[in-house]
Amino acid sequence: MQKQWSAIDSYIESHLVPNDPMLVHAVDNTQAQGFPEHLAVAPNQGMLLQMLIQMNQCKRVLEVGTFAAYSTLWLARALPANGYLLTIEGREKHATLALENIQHAQLAVPIDLKVGMASEVIKALPEDTEPFDFIFIDADKQSYPEYLELSLKLSHPGTIIVLDNVIRAGDILDQDNHKPSIEGIREMYQLMHNHPQLLSSTAIQTVGSKGHDGFAIAIVK
């Protein structure tokens with residue numbers, strides 16, 4: 001099935017996802033430096049993130065987990081000229097690669113890349129930090145519950161929160177699987193269930209070039 005899923009993704013992308021040189025460069029540069037491309041979102045998933053930002057006219061975006069900045073560029077290209085994007089990466093080598101890709105893109109929207117543990121970076125933000133309109137979380141899965149709670153403190157009514165990789169090919173259903181990443185995702189689901197600060201939330205399975213996984217999506221009350 002994986003071969004077919006990847007072929008269908010390619011078909012979708014060839015028809016609906018315009019070829020953007022800056023995104024192509026980000027992928028090529030990532031591969032050229034020996035980093036695994038599979039850690040980034042697929043192009044059609046990037047387009048979905050872009051559309052969510054456009055549909056809700058978001059101006060301020062927070063990204064937790066930059067990697068090579070491929071998803072960062074998708075998020076930033078959806079913002080208006082007066083937009084702002086803060087992205088946080090925990091690994092220096094990833095941040096170095098991300099900065100190369102960001103600088104090459106030369107987008108007008110300011111992209112602020114901070115390096116360090118996401119929880120510490122977020123907690124160190126000034127108290128008067130303006131809330132974000134859109135938050136994308138794609139980092140260490142065991143910390144998803146903490147990232148969700150921290151994100152809520154930087155949100156306003158209507159903020160959209162998207163968390164990536166929340167299905168893990170069905171591993172969340174395997175009661176014998178106690179990996180920290182899987183336990184973290186399960187705790188995230190429990191936290192989102194009837195959370196007093198969330199208006200509504202759901203999760204959607206995805207299959208494609210990235211295998212069997214999915215997104216969780218929530219709207220802040």
Side-chain angles (χ1 to χ4, degrees), residues 16-17 40-67 70-80 82-88 109 111-112 118-119 121-123 125-168 172 181-208 210 212-221:
L16 302 178
V17 182
V41 298
N44 55 347
Q45 294 172 342
M47 179 60 80
L48 172 62
L49 297 174
Q50 173 180 300
M51 291 173 65
L52 288 172
I53 290 173
Q54 292 171 329
M55 284 188 290
N56 293 279
Q57 300 181 327
C58 301
K59 292 184 178 180
R60 289 177 55 81
V61 171
L62 169 63
E63 179 183 43
V64 181
T66 315
F67 180 45
Y70 182 73
S71 56
T72 312
L73 298 179
W74 272 107
L75 299 169
R77 73 201 293 268
L79 294 173
N82 62 342
Y84 168 76
L85 191 152
L86 169 61
T87 184
I88 305 170
V109 174
I111 299 175
D112 187 3
S119 58
V121 172
I122 292 173
K123 291 174 183 177
L125 293 175
E127 291 186 7
D128 61 350
T129 297
E130 187 178 343
F132 292 91
D133 308 309
F134 187 92
I135 299 174
F136 180 51
I137 301 173
D138 186 9
D140 54 303
K141 314 311 170 193
Q142 61 265 32
S143 300
Y144 269 24
E146 181 180 20
Y147 295 155
L148 178 59
E149 291 288 15
L150 289 172
S151 295
L152 289 169
K153 295 179 180 180
L154 293 171
S155 301
H156 58 72
T159 292
I160 300 167
I161 302 176
V162 178
L163 303 99
D164 197 11
N165 307 126
V166 300
I167 301 298
R168 310 304 281 177
I172 55 173
S181 59
I182 301 302
E183 293 286 14
I185 294 172
R186 291 190 186 119
E187 186 179 343
M188 176 213 72
Y189 277 106
Q190 294 170 356
L191 189 62
M192 293 176 74
H193 178 65
N194 291 329
H195 195 293
Q197 290 179 258
L198 295 180
L199 176 64
S200 56
S201 57
T202 191
I204 300 173
Q205 297 183 74
T206 60
V207 294
K210 303 300 178 181
H212 178 201
D213 220 318
F215 292 102
I217 304 174
I219 303 174
V220 177
K221 186 181 297 183

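These numbers come from the heavy atoms of this one structure, side chains and all, not from hydrogens, waters or symmetry mates. Here, residue 1 is the first one in the sequence, and each next residue gets the next number.
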Practice task
Might you work through the side-chain contact (heavy atoms from CB on, under 4.5 Å) test for H195 and S201, ending with a clear yes or no?
Solution key: CA-CA 9 Å; H195 195 293; S201 57; over 6 Å; no
Exercise for the section: Side-chain contact test, heavy atoms from C-beta onward, threshold under 4.5 Å: evaluate it for F215 versus Q45 and give yes or no. Expected result: yes
Exercise for the section: Might you point out which heavy atoms bring V166 and A203 nearest each other, and give the distance in Å? Expected result: CG2-CB, 4.4 Å
Exercise for the section: State the CG-CG distance between L62 and L150, to the nearest 0.5 angstrom. Expected result: 10.0 Å
Problem - Interatomic spacing from CZ in R60 to OG1 in T159 - rounded to 0.5 Å - result: 10.5 Å
Practice task
Mind running side-chain contact (heavy atoms from CB on, under 4.5 Å) on F136 and V41 for me, showing each step along the way?
Solution key: CA-CA 11 Å; F136 180 51; V41 298; 4.0 Å; yes
Fill in the blank from the handout: Sequence neighbours excluded, the answer for salt bridge (Lys or Arg N to Asp or Glu O under 4.0 Å) partners of D140 is none
Fill in the blank from the handout: In this structure, CD of Q54 is separated from CG of L79 (nearest 0.5 Å) by 9.0 Å
Handout entry: Single hit among T87, V121, I122 for side-chain contact (heavy atoms from CB on, under 4.5 Å) with V64
Key = I122
Handout entry: Which residues share a salt bridge (Lys or Arg N to Asp or Glu O under 4.0 Å) with E183, sequence neighbours left out
Key = R186
Handout entry: Between CG on residue L148 and CG on residue L191, distance to nearest 0.5 Å
Key = 5.0 Å
Practice task
Inspect the surroundings of NZ in K153 and state if more than 12 heavy atoms from other residues, nucleotides or ligands are less than 6.0 Å away.
Solution key: no
Completion exercise
Between P145 and M188, the two heavy atoms sitting closest are CG-N, 3.9 Å
Exercise for the section: Fit a plane to each ring of Y70 and W74, take the angle between them on a 0 to 90° scale, and name the class: parallel (under 30°), tilted (30 to 60°) or perpendicular (over 60°). Expected result: perpendicular
Problem - Shortest non-hydrogen contact from S181 toward K141 - result: O-CB, 3.5 Å
Problem - L86 side chain reached by L125 side chain, heavy atoms, under 4.5 Å - result: yes
Practice task
With side-chain contact (heavy atoms from CB on, under 4.5 Å) as the test, would you mind laying out the steps for L152 and L198 before giving the verdict?
Solution key: CA-CA 9 Å; L152 289 169; L198 295 180; 3.8 Å; yes
Completion exercise
Of all heavy-atom pairs linking M192 and A218, the shortest is CE-CB, 3.8 Å
Exercise for the section: Rounded to the nearest 0.5 Å, what's the gap from CG on L75 to CD1 on I111? Could you check? Expected result: 9.0 Å
Exercise for the section: State, with a plain yes or no, whether a side-chain heavy atom of N82 is found less than 4.5 Å away from one of K59. Expected result: yes
Exercise for the section: Kindly give the heavy-atom pair with the smallest separation between Y144 and D138, and that separation in Å. Expected result: OH-CA, 3.5 Å
Problem - Nearest-0.5 Å distance that lies between atom CG in D213 and atom CD1 in I204 - result: 13.0 Å
Completion exercise
Minimal heavy-atom distance between S151 and I137, with the atoms involved, is OG-CD1, 3.6 Å
Handout entry: I135/Y147 under side-chain contact (heavy atoms from CB on, under 4.5 Å): CA gap, chis, key distance, verdict
Key = CA-CA 10 Å; I135 299 174; Y147 295 155; over 6 Å; no
